[in-house]
Engineer: 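Here it is, the structure, as structure tokens.
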Amino acid sequence: MATIFSKIINREIPADIVYETENVLAFRDINPQAPVHILIIPKIEIPSAREINGKEHGQLLGEMFDVANEIAKKEGIFEEGFRLVFNSGPNAGQEVYHIHMHLLGGRKFKWPPG
Ligand code: 5GP
């Protein structure tokens, strides 16, 4: 089902887009939780990580990680480290049911998360 992220992909609503490939789009989170907070999404609609399987989506996921590493380098946080998160389903607090990888960086994070 289409979400607000489909509208960002289709340029129907604005977003601060930082990276784009044929299959993947990355843009700044509207409510950043760290100095660097970027969402990396596939252009195809997959609701959450629970619908991922390696056979079908392995290449796409690999591309999302490539994009995350490229952005981390561009943002100057590659060496110091960063956090990649997929919130998946209600208990994880997922709000938008178009799978997205959060790239968070620019500060120290605690573990375990809240
Ligand atoms: P989730 O909780 O589903 O893992 O994360 C959804 C993220 O999307 C949240 O961090 C939220 O701030 C972000 N978000 C929701 N709507 C928009 C929007 O319209 N534009 C942008 N750039 N980010 C959004």
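For ligands, and for the atoms within them, numbers begin at 1 and follow the listed sequence. Just so it is clear, the values below take in all heavy atoms, side chains as well, and ignore hydrogens, waters and symmetry mates. Along the sequence shown, residues are numbered consecutively beginning with 1.
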Engineer: Taking non-hydrogen atoms only, is Leu39 closer than 4.0 angstrom to ligand 1 via side chain, backbone, both or neither?
Structural biologist: side chain
Engineer: Counting distance only, does the side-chain N/O of Glu45 pair as donor-acceptor with the main-chain N or O of Pro47 below 3.5 Å?
Structural biologist: no
Engineer: Give yes or no for whether the N/O distance cutoff of 3.5 Å, strictly under, is met between Val96 and ligand 1.
Structural biologist: yes
Engineer: Are any of the N/O atoms in His37 less than 3.5 Å from those in ligand 1?
Structural biologist: no
Engineer: Quick one: does Gly93 get within less than 4.0 Å of ligand 1, heavy atoms only?
Structural biologist: yes
Engineer: How close do Val36 and Glu75 get, heavy atom to heavy atom, and via which atoms?
Structural biologist: CG2-OE1, 3.8 Å
Engineer: Which residue owns the protein heavy atom closest to atom 6 (C) of ligand 1, what's the atom, and how far is it?
Structural biologist: His100 NE2, 3.5 Å
Engineer: Just let me know how Phe86 lines up against ligand 1, side chain, backbone, both or neither, with a heavy-atom cut-off below 4.0 Å.
Structural biologist: neither
Engineer: Among Leu103, Asp66, Leu25, find the one that has a side chain to side chain contact (heavy atoms under 4.5 Å, CB included) with Ile40.
Structural biologist: Leu103
Engineer: Identify the closest protein heavy atom to atom 22 (N) of ligand 1: which residue and atom is it, and at what distance?
Structural biologist: Arg28 O, 2.9 Å
Engineer: Distance to 0.1 Å, residue and atom name: give those for the protein heavy atom nearest to atom 14 (N) of ligand 1.
Structural biologist: Ile30 CG2, 3.9 Å
Engineer: May I ask you to check whether Phe5 has an N/O atom sitting below 3.5 Å from an N/O atom of ligand 1?
Structural biologist: no
Engineer: Starting from atom 3 (O) of ligand 1, find the nearest protein heavy-atom neighbour and note its residue, name and distance.
Structural biologist: Glu95 N, 2.6 Å
Engineer: Counting from 1, what ligand 1 atoms have a heavy atom of Asn31 closer than 4.0 Å?
Structural biologist: 12 (O)
Engineer: Calculate, to the nearest 0.5 Å, the distance between atoms CE and CD belonging to Met64 and Gln59 respectively.
Structural biologist: 13.5 Å
Engineer: Determine whether Glu63 and Thr21 satisfy the following criterion, side chain to side chain donor-acceptor pair (under 3.5 Å), listing intermediate values before the conclusion.
Structural biologist: CA-CA 9 Å; Glu63 193 173 333; Thr21 70; 2.6 Å; yes
Engineer: Measure the acute angle between the ring planes of His37 and His102, then classify it against the limits of 30° and 60° as parallel, tilted or perpendicular.
Structural biologist: tilted
Engineer: Compute the minimum heavy-atom distance from Lys7 to ligand 1 and say whether it is under 4.0 Å.
Structural biologist: no
Engineer: Counting only heavy atoms closer than 4.0 Å, does ligand 1 sit against the backbone of Gln33, its side chain, both, or neither?
Structural biologist: neither
Engineer: What do the steps show when you test Phe27 against Tyr19 for ring pair (Phe, Tyr, Trp, His ring centres under 6.0 Å), and what is the final call?
Structural biologist: CA-CA 7 Å; Phe27 51 91; Tyr19 206 96; over 10 Å; no
Engineer: Could you name the option among Asp16, Leu104, Asp29 that has the heavy atom nearest to atom 10 (O) of ligand 1?
Structural biologist: Asp29
Engineer: Taking distance alone, with N or O pairs closer than 3.5 Å, would you say Gln94 contacts ligand 1?
Structural biologist: no
Engineer: Heavy-atom count check: over 12 atoms from other residues, nucleotides or ligands less than 6.0 Å from Lys7 NZ?
Structural biologist: no
Engineer: Before you tell me yes or no, could you show the steps for His100 and His98 under ring pair (Phe, Tyr, Trp, His ring centres under 6.0 Å), namely the whole-Å CA-CA distance, both residues' side-chain angles and the distance that decides it to 0.1 Å?
Structural biologist: CA-CA 6 Å; His100 47 280; His98 181 126; 8.0 Å; no
Engineer: Would you mind checking if Arg107 and Glu80 are paired as a salt bridge, meaning a charged N to carboxylate O distance below 4.0 Å?
Structural biologist: no
Engineer: At under 4.0 Å between heavy atoms, which part of Ile8 makes contact with ligand 1: side chain, backbone, both or neither?
Structural biologist: side chain
